[in-house]
Amino acid sequence: MNIFAHIGRATLAMLAEIGRVSEAERDFAEPVADRTIAYLDRTLSQHDGGFSGSQDADEAYFALDAEGRDRVDAPYVDPRVYASWTAGLARGYLACGVTFERRDWIERGRRAVDFIWGRMRAGEAGIYRYWDGQPHLLGMLEDQAQTLLALIDAHEVLGESDYLDHARQLARIIEARWRDPGRGCFDLAEGGEEIGLLAVRSKPIGDNADIAEAFMRLGRLSHDERYLQSAQEVLSDFAESYAGHGSQAAGYALVVERFLSPEAEVQVVSGASPEAQRRATAIRERALQLPLAARTVQLLTPGEDDALMVQLGLPRDREGVAYVCVGTVCSEPVEHPDELEGAVTHALAATAY
């Protein structure tokens, strides 16, 4: 059993979602998140930003109390950093940092994303599989998918355009090296390293669902229809076969539902003045904490993002405000975080008619 994989890909994200539902749910989820992250920081976190691959699951050891564990050696920790698992864990740190207002967790998530992009990237060949002082094994789709999602999360949470630029770059590489044109993605890039059964290329539904989600989110952030078309093509490749994938089809179904459903896009306009920046920060942080199954949050800077603001029909003379858009229809400017949830509810209700 790989403890790291289960924690990194599910637990933190689940706790972050629970914590956004209500104050009571937050009171339940926050201490669990705190204990989980304390374990990760103590046992798997590496000083350069990565996370060790796993710790052996020794049932007898983990049944001991704190005093008993001091008397025996802890189970072995695999020191290798795996890109996909570290990216998933980075996403969990970012999500919990937002929900529970822990800037230190957000910064730890950033460091993990930066480690992958800075140490485990091979230019146009994409993301390596693992790192043990140097990177190894190119060509696996899972690593590209999780890294792409982590870059998009970092852009939304941190509001920094570099992460979106990196995501676009990786998306282009995925299109070129993993996509079956007009369809889904193979698990191994053309010309990638062949190991065992990886010599036979296949299309895993879970990784393809992650790729489709990432392309969909890129399309909604950039309003570039090419990304949305790619997402649709990837999803369509499994439309007739998904039922045969059993429980693995659950993630695919969630992405299909999100793709077909109206989604609130919160466009937050910053500005040059400290006051406008302060208001924009407060609104954006509230938007990220909304108890919604899905939403897109983007920080726009007048001067830098004028083309997108024109495309969205947003005025360029208002700063420190937000607009809630569903499709091509946007709300009146939201000037205070407390107004945001009502604006989202109104915008989503309007699409039902």
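For this chain, numbers begin at 1 and follow the sequence in order. In this text the structure is predicted, and so the values were computed from the model without any measurement.
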Check: Is D27 atom CG crowded by more than 12 heavy atoms from other residues, nucleotides or ligands, each under 6.0 Å away?
Finding: yes
Next item on the list: Quick one: sort the Y82 and W85 rings into parallel, tilted or perpendicular, breaks at 30° and 60°.
Entry: tilted
Notebook entry, point to check: Side-chain heavy atoms under 4.5 angstrom apart, residues restricted to Ile, Leu, Val, Met, Phe, Trp, Tyr: same cluster for Y323 and V344?
Noted result: no
Notebook entry, point to check: Does NZ or CZ of R110 lie under 6.0 Å from the centre of the six-membered ring of Y163, at an angle within 45° of the ring axis?
Noted result: no
Checklist line | Closest non-hydrogen atom pair between L235 and V256, with its separation | finding: CD2-CG2, 3.9 Å
Checklist line | Salt-bridge contact D143-R129 (side-chain N to carboxylate O under 4.0 Å) | finding: yes
Note to self: Just so I know, are the side chains of S230 and R179 near enough to count as touching, which here means a heavy-atom distance under 4.5 Å?
What the structure shows: yes
Margin query: Under a 3.5 Å distance rule, please check whether R201 uses its side chain to pair with a backbone N or O of L188 as donor and acceptor.
Written below: yes
Next item on the list: Answer yes or no: is there a side-chain heavy-atom contact under 4.5 Å between V234 and D237?
Entry: no
Check: Where is the tightest heavy-atom contact between R20 and P291, given as atom of each residue plus distance?
Finding: O-CB, 3.1 Å
Margin query: Run V334 and V266 through side chain to side chain contact (heavy atoms under 4.5 Å, CB included) and show every step you take.
Written below: CA-CA 10 Å; V334 175; V266 183; over 6 Å; no
Notebook entry, point to check: Given the rule in the salt bridge (Lys or Arg N to Asp or Glu O under 4.0 Å) test, do R26 and E23 qualify, once you have shown the distances and angles that lead to the verdict?
Noted result: CA-CA 5 Å; R26 175 177 173 139; E23 284 297 320; 5.1 Å; no
Item checked: Gap separating the CD atom of Q298 from the SG atom of C325, nearest 0.5 angstrom -> 10.0 Å
Notebook entry, point to check: Is the closest side-chain heavy-atom distance between Q144 and W178 below 4.5 Å?
Noted result: yes
Next item on the list: From the options R217, E263, Q267, select the one residue that forms a side chain to side chain donor-acceptor pair (under 3.5 Å) with T296.
Entry: E263
Notebook entry, point to check: Is any side-chain N of the basic residue among R172 and E175 closer than 4.0 Å to the acidic one's carboxylate O?
Noted result: no
Notebook entry, point to check: With a 4.5 Å limit on heavy-atom distance, are the side chains of R316 and V310 in contact?
Noted result: yes
Check: Hey, is R111 close enough to D114 for a salt bridge, meaning N to O under 4.0 Å?
Finding: no
Next item on the list: Please work out which of the three classes, parallel, tilted or perpendicular, describes the rings of F115 and W131, given edges at 30° and 60°.
Entry: perpendicular
Note to self: How about CD on E341, more than 12 heavy atoms from neighbouring residues, nucleotides or ligands closer than 6.0 Å, or not?
What the structure shows: no
Item checked: same_hphob_cluster(L148, V255) at 4.5 Å side-chain heavy-atom cutoff -> no
Next item on the list: Evaluate the side chain to side chain contact (heavy atoms under 4.5 Å, CB included) criterion for residues Y227 and L221: first the C-alpha distance (whole Å), next the side-chain angles of each, then the deciding distance (0.1 Å), finally the verdict.
Entry: CA-CA 10 Å; Y227 292 122; L221 283 166; over 6 Å; no
Checklist line | Co-membership, hydrophobic cluster, residues L170 and L141, 4.5 Å side-chain | finding: yes
Note to self: Would you say that V269 contacts D305 through its side chain, given a criterion of any heavy-atom pair below 4.5 Å between the two side chains?
What the structure shows: no
Check: With a 4.5 Å heavy-atom cut-off, do V98 and Q289 have their side chains touching?
Finding: yes
Checklist line | L218 side chain near L164 side chain, heavy-atom distance below 4.5 Å | finding: yes
Checklist line | Atom pair CD (Q146) and OG1 (T86), whose distance is rounded to the nearest 0.5 Å | finding: 11.0 Å
Notebook entry, point to check: With hydrophobic residues grouped by side-chain heavy-atom distances under 4.5 Å, do I205 and F259 end up in a single group?
Noted result: yes
Next item on the list: Work out which heavy atom in C96 is nearest to a heavy atom in A16; give both atom names and the distance.
Entry: N-CB, 3.9 Å
Note to self: I'd like to know if E30 and R102 make a salt bridge, using a cut-off of under 4.0 Å between side-chain N and carboxylate O.
What the structure shows: no
Next item on the list: Identify whether the distance between the nearest side-chain nitrogen and carboxylate oxygen of R318 and E335 falls below 4.0 Å.
Entry: yes
Next item on the list: Could you tell me whether Q311 atom CD has more than 12 heavy atoms of other residues or ligands within 6.0 Å of it?
Entry: yes
Check: Passes side chain to side chain contact (heavy atoms under 4.5 Å, CB included), L314 versus L308? Steps please.
Finding: CA-CA 9 Å; L314 302 180; L308 181 55; over 6 Å; no
Check: Quick one: OG on S84 to CE on M140, what's the gap to the nearest 0.5 Å?
Finding: 8.0 Å
Margin query: I'd like to know whether R121 forms a side chain to side chain donor-acceptor pair (under 3.5 Å) with T147, so could you lay out the CA-CA distance, the side-chain angles of the two residues, the decisive distance to 0.1 Å, and finally the verdict.
Written below: CA-CA 10 Å; R121 177 170 54 96; T147 300; over 6 Å; no
Margin query: For the CD atom on E107, are there more than 12 heavy atoms of other groups (residues, nucleotides or ligands in this structure) within a distance under 6.0 Å?
Written below: yes
Notebook entry, point to check: What distance separates Q277 CD from L299 CG, expressed to the nearest 0.5 Å?
Noted result: 9.5 Å
Note to self: Run the ring-ring contact (aromatic ring centres under 6.0 Å, His included) test against F100 and tell me which residues pass, sequence neighbours left out.
What the structure shows: none
Next item on the list: Determine, stepwise, if the pair H346 / E332 fulfils side chain to side chain contact (heavy atoms under 4.5 Å, CB included).
Entry: CA-CA 11 Å; H346 179 77; E332 293 295 313; over 6 Å; no
Check: Taking the side chain from R286 and the backbone from T281, do they hold a donor-acceptor pair closer than 3.5 Å?
Finding: no
Next item on the list: For residues L340 and V324, determine if any side-chain heavy atom of one lies less than 4.5 Å from a side-chain heavy atom of the other.
Entry: yes
Notebook entry, point to check: Do R295 and E156 meet the salt-bridge criterion of a basic N to acidic O distance under 4.0 Å?
Noted result: yes
Item checked: Spacing of CZ belonging to R35 relative to CG belonging to L15, to within rounding of 0.5 Å -> 9.5 Å
Checklist line | Parallel, tilted or perpendicular, as decided by the 30° and 60° cut-offs, for the rings of F51 and Y93 | finding: tilted
Check: Taking all atoms of both residues into account, what is the closest heavy-atom pair of I173 and A125, and its distance?
Finding: CG2-C, 4.4 Å
Next item on the list: Can you see which heavy atom on G271 is nearest to which on A276, and at what distance?
Entry: CA-CB, 4.1 Å
Check: From D153 CG over to L158 CG, what is the distance, rounded to the nearest 0.5 angstrom?
Finding: 10.0 Å
Margin query: Let me check something: do L292 and V268 share a hydrophobic cluster, defined by ILVMFWY side-chain heavy atoms less than 4.5 Å apart, either directly or through other members?
Written below: yes
Margin query: Main chain of C185, side chain of N208: is a donor-acceptor contact present, judged purely on distance under 3.5 Å?
Written below: yes
Note to self: Whether R119 and D48 form a salt bridge (side-chain N of Lys/Arg under 4.0 Å from carboxylate O of Asp/Glu) is what I want to check.
What the structure shows: yes
Note to self: Can a donor-acceptor pair be found, under 3.5 Å and without considering hydrogens, that links the side chain of D78 to the backbone of S54?
What the structure shows: no
Next item on the list: Heavy atoms only: give me the nearest L94-A150 pair and the separation to one decimal.
Entry: CD1-O, 4.5 Å
